[in-house]
Amino acid sequence: SFCFCFFSRSSAKLVAPLGCLVSRQKHTLPDLPYDYAALEPHINAEIMQLHHSKHHATYVNNLNVVEEKYKEAVAKGDVTTQVSLQPALKFNGGGHINHTIFWTNLSPNGGGEPKGELMEAIKRDFGSFANFKEKLTAVSVGVQGSGWGWLGYNKEQGRLQIAACANQDPLQGTTGLIPLLGIDVWEHAYYLQYKNVRPDYLKAIWNVINWENVSSRYATCKK
């Protein structure tokens with residue numbers, strides 16, 4: 001959000017130079033658009049509850065703490081501290097951004113195939129929906145350790161692209177691609193149900209992909 005600082009004519013000093021930073025609203029955990037059990041049997045309620053109310057909540061809380069420290073460092077002109085805080089900002093900020101997209105990418109009424117412009121673009125850029133599904137699954141399975149598989153939009157080239165990001169690196173901030181569909185392949189996203197068999201989780205998640213949301217994101221970034 002934008003803010004304005006005004007000069008006081010009498011003192012010719014900047015009034016409330018920190019007003020902009022102080023007025024910033026804290027990040028909050030978004031509500032899920034469905035119940036924790038809504039994605040069963042594909043993703044069970046226990047996973048959804050822990051993933052949302054514990055993991056995502058932790059990213060939000062830590063992001064607020066880091067931003068507060070960053071704000072203090074900016075106020076002091078302490079560039080060293082600003083630089084040292086950036087990995088935590090990237091990790092927790094990315095965790096918040098990624099999960100906020102992820103929850104809307106899923107739906108109890110999901111699955112199947114996309115329609116309209118998104119489907120046409122998938123066929124154009126990947127040959128077929130089956131081919132796209134296979135590629136995104138393979139990229140997601142292949143993430144070493146923790147990370148995400150993504151379908152993104154390359155605005156410069158006007159085409160869809162698949163990418164993988166490590167840890168909580170946010171897609172747009174690290175690759176420039178606009179995120180349309182993210183698949184979380186951190187073990188906390190599936191371990192309680194699928195143990196260490198990531199391919200089983202990836203096979204199941206296609207049953208709850210919210211193509212309306214992905215299509216809506218695609219339409220927005222094409223404008």
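Evaluation of the side chain to side chain contact (heavy atoms under 4.5 Å, CB included) rule for Asn61 yields no partner, not counting sequence neighbours. Partners of Glu117 according to the salt bridge (Lys or Arg N to Asp or Glu O under 4.0 Å) rule, which considers only residues two or more places apart in sequence or in another chain, are Lys222. Judged as a side chain to side chain contact (heavy atoms under 4.5 Å, CB included), and not counting sequence neighbours, the contacts of Pro199 are Val141, Val197. Take Gln86 and apply the side chain to side chain contact (heavy atoms under 4.5 Å, CB included) test, not counting sequence neighbours, and it matches Tyr70. Remark: Asp125 engages no residue in a salt bridge (Lys or Arg N to Asp or Glu O under 4.0 Å) (not counting sequence neighbours). Residues passing the side chain to side chain contact (heavy atoms under 4.5 Å, CB included) test with Asn62, sequence neighbours excluded: Thr58, Asn92.
Looking at every heavy atom in both residues, Leu118 comes nearest to Pro114 through CD2-CB, 3.7 Å. Between Cys165 and Trp150, the shortest heavy-atom distance links the atoms SG-CD1, 4.0 Å. Minimum interatomic distance between Val66 and Leu89 (heavy atoms only, all atoms of both residues): CG1-CD1, 3.8 Å. Among all heavy-atom pairs drawn from Leu39 and Ser107, the shortest one is CD2-C, 3.5 Å. What you find for Ile122 and Ser128 is that their closest heavy atoms are CG2-O, 4.0 Å. For the residue pair Leu171 and Pro179, the shortest heavy atom distance occurs at CD2-CA, 3.6 Å.
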Show your reasoning for whether salt bridge (Lys or Arg N to Asp or Glu O under 4.0 Å) applies to Glu187 and Arg198. CA-CA 8 Å; Glu187 280 199 341; Arg198 189 187 285 177; over 6 Å; no
Passes side chain to side chain contact (heavy atoms under 4.5 Å, CB included), Asn210 versus Asn105? Steps please. CA-CA 5 Å; Asn210 183 356; Asn105 277 169; 5.6 Å; no
Just do the side chain to side chain donor-acceptor pair (under 3.5 Å) check on His51 and His99 with the steps written out, would you? CA-CA 9 Å; His51 199 170; His99 285 87; 2.9 Å; yes
When you look at Tyr201 and Tyr191, which way does the ring pair (Phe, Tyr, Trp, His ring centres under 6.0 Å) test go after all the steps? CA-CA 9 Å; Tyr201 157 70; Tyr191 194 86; over 10 Å; no
With ring pair (Phe, Tyr, Trp, His ring centres under 6.0 Å) as the test, would you mind laying out the steps for Tyr34 and Trp103 before giving the verdict? CA-CA 9 Å; Tyr34 39 75; Trp103 307 131; 7.6 Å; no
Is there a side chain to side chain donor-acceptor pair (under 3.5 Å) between His27 and Glu67 once you walk through the steps? CA-CA 10 Å; His27 300 285; Glu67 283 196 345; 3.2 Å; yes
Please walk me through it: do Phe129 and Trp211 pass ring pair (Phe, Tyr, Trp, His ring centres under 6.0 Å)? CA-CA 12 Å; Phe129 178 73; Trp211 290 114; 5.6 Å; yes
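Put simply, CG on Asn64 and NZ on Lys69 are 12.5 Å apart, with the number rounded to the nearest 0.5 Å. One distance of note links NE2 of His42 with CG of Asn207; it measures 4.0 Å at 0.5 Å rounding.
Among His56, Gln49, His55, the one residue that satisfies the side chain to side chain contact (heavy atoms under 4.5 Å, CB included) test with Ser53 is Gln49.
A donor-acceptor contact shorter than 3.5 Å is absent between the side chain of Asp35 and the backbone of Ala38.
Val60 and Tyr36 are not part of a single hydrophobic cluster, where members link through side-chain heavy atoms under 4.5 Å apart.
Of the charged side-chain nitrogens involved, at least one lies within less than 4.0 Å of a carboxylate oxygen, so that Lys71 and Glu68 count as a salt-bridged pair.
Looking at Arg217 and Ile101, their side chains come closer than 4.5 Å, going by heavy atoms from C-beta outward. Leu136 places a side-chain heavy atom less than 4.5 Å from the side chain of Trp206.
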